[in-house]
Structures are given as structure tokens and as C-alpha cells.
Amino acid sequence: MDIEDAIRHRRTHKVYGGGAISREVLEALINAATWAPNHRYTEPWRFYVVHGADKLAAMDRHVQAAFDASAKDAGEGVGRKLIAKKHKMTARLAATAAVVVVTWTRTPDDQAADREDYAATACAIQNLLLSAHGRGYASLWSTGKMLMQPALLEFYGVPGEATDRPESVAGVIFLGSPTGELTGRRHRTAQAVTTWV
Ligand SMILES: Cc1cc2nc3c(=O)[nH]c(=O)nc-3n(C[C@H](O)[C@H](O)[C@H](O)COP(=O)(O)O)c2cc1C
């Protein structure tokens with residue numbers, strides 16, 4: 001696939017059509033991710049893979065519990081919205097082939113390095129998304145709060161931000177087969193955001 005086509009035609013998918021993804025493909029996607037630029041070769045990214053029906057069902061149980069707990073603490077209106085979101089998330093997870101949680105290793109005592117490491121990790125995620133697109137898979141980069149609740153981080157195995165090797169989640173990546181259903185805007189305007197000096 002031509003690189004310009006891949007960049008332009010990779011678009012966020014929020015619903016998937018079921019189907020599986022092999023471990024080999026997931027390994028290839030992560031391999032592509034690790035070729036991202038990173039300052040001082042810190043290779044700050046870490047990947048936590050939720051793969052297989054059992055693991056995805058377990059993740060769903062944790063996500064549902066997180067939504068239920070938040071809905072219980074919220075007022076009635078917000079609670080109802082959270083329960084609707086929970087159902088949407090459960091339907092999404094049921095049709096998802098794999099989830100890859102991408103974190104970056106934090107350096108809280110060096111803000112500049114920390115920012116660069118987040119930037120490098122974002123590049124790694126874009127590599128992963130493009131590689132998935134090139135192989136015919138649909139994806140979503142999510143930073144949904146409910147996917148990062150403490151019980152979920154424990155389930156993924158992500159060390160918390162308060163540990164001696166802190167990591168933060170840069171994205172929870174859903175992967176699945178495309179259904180053709182897209183939600184995002186389809187145009188961008190480079191001209192409006194460019195200053196020719
Ligand atoms: C850092 C980051 C966080 C995002 N978090 C979410 C999210 O929590 N939920 C969601 O539906 N989409 C999320 N997205 C996806 C964007 O909404 C999506 O990229 C945008 O709609 C543009 O669509 P496109 O990827 O097809 O160009 C996120 C994207 C980025 C880069």
C-alpha cells in the first residue's frame with residue numbers, strides 16, 4: 001500500500017465485525033510500532049495485549065464493573081448516560097479481535113524527556129494503526145477513562161504511576177475487522193494550519 005494512501009485511508013472505526021486476529025499479526029503490529037522515532041533511544045513504549053475471547057470477556061467484566069461503580073456514584077441523568085455507554089462498550093468489546101494497551105515509561109523528574117517519550121509513544125501508536133490498516137484491520141485509539149480505572153490497569157498488568165517504575169497509558173487500541181461504518185470527519189485542511197515563512 002502506498003504510504004500516502006495508508007495515511008489518508010486509515011480512519012477510526014468504533015464498531016467491528018467480529019472475526020479474529022492472530023498472535024503473529026499482533027506481533028508484527030507491535031514490531032512496526034517499535035520503529036517509531038524516539039529521542040535518545042529511550043524506547044519508552046510498553047504494550048499489554050488482551051487477546052482471545054476469554055481475555056476480552058474478562059476485560060469486559062472489569063469495564064462493566066467500572067461503569068456500574070461510576071453510575072452508582074453519579075446523579076440519575078449522568079448515571080443513565082454511563083449505563084448507555086457501558087452497553088455500547090460491551091457491544092464493541094464483543095466484536096473486537098484484540099486490545100493493545102500502550103503505555104510510556106514516565107520520567108517525572110525530567111519533564112522535557114517525559115514529553116518527548118509521550119510524543120515517541122504517540123508515533124509508535126500511529127505506526128501500529130497504519131500497520132493494522134495495511135493488513136485490513138480497523139482500529140480505534142481510545143483514552144476512555146473507564147478503560148484506565150485501577151482494576152483495569154491491574155488486569156492489563158500496567159505498573160501504576162505511583163510505583164518505582166511508573167507508566168501511564170497513552171492509548172487503549174481496539175483492533176477488529178472493518179464493517180464500513182465510520183463516524184469521524186472525512187476532510188482536513190493543511191492550508192489553514194500552515195504558515196509559509
Ligand atoms: C490521543 C487520542 C485519544 C483518543 N481518544 C478517543 C476516545 O477516548 N474515544 C474515541 O471514540 N476516540 C478517541 N480518539 C480517536 C479520535 O476521536 C479520532 O482519531 C478522530 O475522530 C479522527 O478520526 P480519524 O482517526 O478517522 O481521523 C482518540 C484519538 C487520539 C489521537
Side-chain angles (χ1 to χ4, degrees), residues 1-17 29-30 32-33 36-38 44-48 50 56 59-60 62-64 66-67 70-71 74 78 81-106 114-153 155-156 158 161 167-194:
M1 190 184 289
D2 174 74
I3 187 82
E4 296 286 335
D5 283 345
I7 291 167
R8 233 169 262 244
H9 295 132
R10 177 222 53 87
R11 301 274 56 95
T12 292
H13 291 66
K14 299 189 182 184
V15 288
Y16 310 104
L29 302 187
I30 292 167
N38 61 109
W45 37 69
R46 299 291 180 271
F47 305 90
Y48 299 85
V50 186
L56 288 160
M59 177 175 167
D60 184 42
H62 285 296
V63 172
Q64 288 200 46
F67 272 107
S70 294
V78 177
K81 275 189 195 149
L82 282 168
I83 296 301
K85 277 189 177 176
K86 175 181 86 167
H87 292 313
K88 226 165 118 181
M89 183 62 79
T90 288
R92 177 183 296 158
L93 272 169
T96 294
V99 171
V100 181
V101 180
V102 187
T103 69
W104 85 102
T105 52
R106 303 298 307 268
D114 195 46
R115 195 168 48 237
E116 287 181 342
D117 283 345
Y118 173 70
T121 303
C123 293
I125 293 176
Q126 173 75 335
N127 278 6
L128 192 153
L129 301 183
L130 287 173
S131 184
H133 174 59
R135 292 161 197 273
Y137 292 98
S139 64
L140 162 67
W141 175 348
S142 176
T143 46
K145 246 182 15 200
M146 293 301 159
L147 303 168
M148 302 181 191
Q149 297 295 302
L152 265 299
L153 297 185
F155 169 71
Y156 308 139
V158 171
E161 289 176 357
E167 292 179 26
S168 296
V169 176
V172 176
I173 312 303
F174 290 79
L175 294 162
S177 59
T179 59
E181 191 182 323
L182 290 170
T183 48
R185 264 179 21 201
R186 299 275 79 80
H187 71 277
R188 300 288 158 92
T189 44
Q191 216 183 338
V193 294
T194 306

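For the single chain, residues carry numbers from 1 onward in sequence order. These numbers come from the heavy atoms of this one structure, side chains and all, not from hydrogens, waters or symmetry mates. Remember, it's 1-based here, ligands and their atoms both numbered in the order they're listed.
Heavy-atom distances between H13 and ligand 1 stay at or above 4.0 Å for every pair.
A distance of 10.5 Å separates CH2 of W104 from CD of E167, quoted to the nearest 0.5 Å. Between I125 atom CD1 and S139 atom OG the span is 10.5 Å, to the nearest 0.5 Å. For the atom pair NE2 of H13 and OH of Y137, the computed distance is 13.5 Å after rounding to the nearest 0.5 Å.
For atom 9 (N) of ligand 1, the nearest protein heavy atom (residue, atom name, distance) is S142 OG, 4.0 Å. The protein heavy atom nearest to atom 17 (O) of ligand 1 is K14 NZ, 4.6 Å. Distance from atom 28 (C) of ligand 1 to its nearest protein heavy atom, with residue and atom name: W141 O, 3.0 Å. Protein heavy atom at the shortest distance from atom 22 (C) of ligand 1 is R188 NH2, 3.7 Å.
In summary, the atoms of ligand 1 found under 4.0 Å from a heavy atom of L140, numbered by their order in the structure, are 10 (C), 11 (O), 12 (N).
For the pair T105/W45, no side-chain contact is recorded, criterion being any heavy-atom separation below 4.5 Å from C-beta on.
No part of R92 comes within 4.0 Å of ligand 1, judged by heavy-atom distances.
Ring planes of H62 and F155: tilted class, angle from 30 to 60°.
No side-chain donor-acceptor contact under 3.5 Å links D114 to the backbone of R106.
Within a 4.0 Å radius of atom 5 (N) of ligand 1, the protein contributes one or more non-hydrogen atoms.
With T143, I125, V172, T12 as candidates, the residue nearest to atom 7 (C) of ligand 1 on a non-hydrogen basis is T143.
For R11, a nitrogen or oxygen atom sits less than 3.5 Å from a nitrogen or oxygen atom of ligand 1, counting backbone and side chain alike.
For the residue pair S168 and E161, a side-chain donor N or O sits within less than 3.5 Å of a side-chain acceptor on the partner.
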